Number of protein chains: 2
Amino acid sequence: METQDLRNAGLKVTLPRVKILEILEKQTTKRHLTAEQVYKILLEEGEDIGLATIYRVLTQFETAGLVTRHHFEGGNSVFELDSGKHHDHIVCIKCGKVDEFVDPIIEEHQAKIADKLGYSLTDHSLYLYGFCSDCKNL
Amino acid sequence: METQDLRNAGLKVTLPRVKILEILEKQTTKRHLTAEQVYKILLEEGEDIGLATIYRVLTQFETAGLVTRHHFEGGNSVFELDSGKHHDHIVCIKCGKVDEFVDPIIEEHQAKIADKLGYSLTDHSLYLYGFCSDCKNL
DNA sequence: TTGATTGCAAAGAATTTGCACTGGG
DNA sequence: CCCAGTGCAAATTCTTTGCAATCAA
């Protein structure tokens, strides 16, 4: 339950935090949301939580490691519940659909490249962009 | 010479455009600049070109395929002269140094993944982040 | 000449912050 | 009760736009 997640993260259990965490956990198909989208979902559920608070809470979640922030093409940030396991993303430039994947060979080569260039890797981001199966024939 | 590049791109040859293109071509070590950085370099050279113009010109260059725009971590866009050949980037999170690389195996696997997930790929962005050789021991 | 290009200042979009108020522990 | 957390509006940051003046062809 969310309450415990919040406590574990060292965050006081407040209504906005619980609600926002709920929203994120509830997402099955669309795991990646902008602050704005979270805001709208909350409004639909009758919760009147300020947009500023959503940004603040999501940033806290990010710091606490509960959530990951991505900068997809186009500018605005999207947030995703951190599942614990690393993965990369492929994004449909038409409908916004996002799929996740992991490719061990790619991961391995990234490490190799960083090494060859003398970098010690801390992070990486790989985004593929294209048309998903539903959009490519339109 | 820049004049010809501009003409080929269908752009009228104006002072701001020539100057900005010069700046970009002059970069050897630091090929990736923000609009702000271009602006400052121009000021140092005594050219008084408005920041808005720089954004406009860089956007035109992007459209014309002369320049590529990247969204590195942190938000602001950086522009790089388009060398014609695709490459990915590794960025030092301490000093901002950027290296470029290409890995055929990674490219190949990306295509494979997109295919498996039913996407037709149009583009991708791969950024590795870490400490470069100069920064990792500090 | 004349439409394209600039500069400036103002508008926008996304995100953050200041501050008085509220609520969780 | 008391301080962390919130809401709102104002501030920031990066980027784009409107419009009159200017410039290249």
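Since the model is a prediction, treat every value here as computed from it, not as a measurement. Naming convention: chains lettered A, B, ... in sequence-line order (proteins, then strands); numbering from 1 in each chain. No hydrogens, no waters, no symmetry mates; every other heavy atom, side chains included, goes into these values.
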Heavy atoms from C-beta onward define the side chain here; which of D:dT6, D:dT15, D:dA25 lies closest to that of B:Val13? D:dA25
From C-beta outward on B:Arg7, which listed nucleotide comes closest to its side chain: D:dA25, D:dA9, D:dT16? D:dA25
Return the value, rounded to whole Å, for the distance between atom CD of A:Gln60 and atom C1' of D:dA4. 10 Å
B:Asp48 CG to D:dT22 P: how many Å, rounded? 15 Å
Measure from the side-chain heavy atoms of A:Tyr55 and tell me the nearest of D:dA25, C:dA9, C:dA14. C:dA14
Mind checking whether A:His32 and A:His87 have parallel, tilted or perpendicular rings, split at 30° and 60°? perpendicular
Whichever of A:Glu36 and A:Arg56 has the more 5' nearest nucleotide on DNA chain C, that residue is A:Glu36
Per atom distances to the A:Lys12 side chain, the nearest of C:dG23, C:dT17, D:dT6 is C:dG23
Name the closest nucleotide to the A:Arg17 side chain, picking from D:dG5, C:dT6, C:dA14. D:dG5
Rounded distance (Å) that lies between atom P of D:dG5 and atom CD1 of A:Ile20: 13 Å
Would you mind telling me which of D:dT6, C:dT17, C:dT15 lies closest to the side-chain atoms of A:Ala52? C:dT17
Before accepting this row, confirm whether a basic side-chain N of the pair B:Lys112/B:Glu108 lies closer than 4.0 Å to the acidic partner's carboxylate O. yes
Interatomic distance, CD1@B:Ile113 vs CG@A:Asp103, rounded to 0.5 Å, equals 4.0 Å
Just say parallel, tilted or perpendicular for the rings of A:His124 and A:His86, cut-offs at 30° and 60°. perpendicular
Which part of the nucleic acid, if any, lies within contact of A:Ile49, taking any heavy atom under 4.0 Å across all strands shown: a base, the sugar-phosphate backbone alone, or nothing? sugar-phosphate
Nearest to the side chain of A:Thr14, heavy atoms from C-beta on, is which of C:dT17, D:dT6, C:dC8? D:dT6
If you check every side-chain atom of A:Thr53, which of D:dG7, C:dA14, D:dT16 has the closest atom? D:dG7
Given atom CD1 of B:Ile54 and atom C1' of C:dT5, what is their separation to the nearest angstrom? 14 Å
Give a yes or no on whether a salt bridge exists between B:Glu45 and B:Lys19, defined as a side-chain N under 4.0 angstrom from a carboxylate O. no
Between D:dT15, C:dG7, C:dT15, spot the one nearest the side chain of B:Ser77, thanks. D:dT15
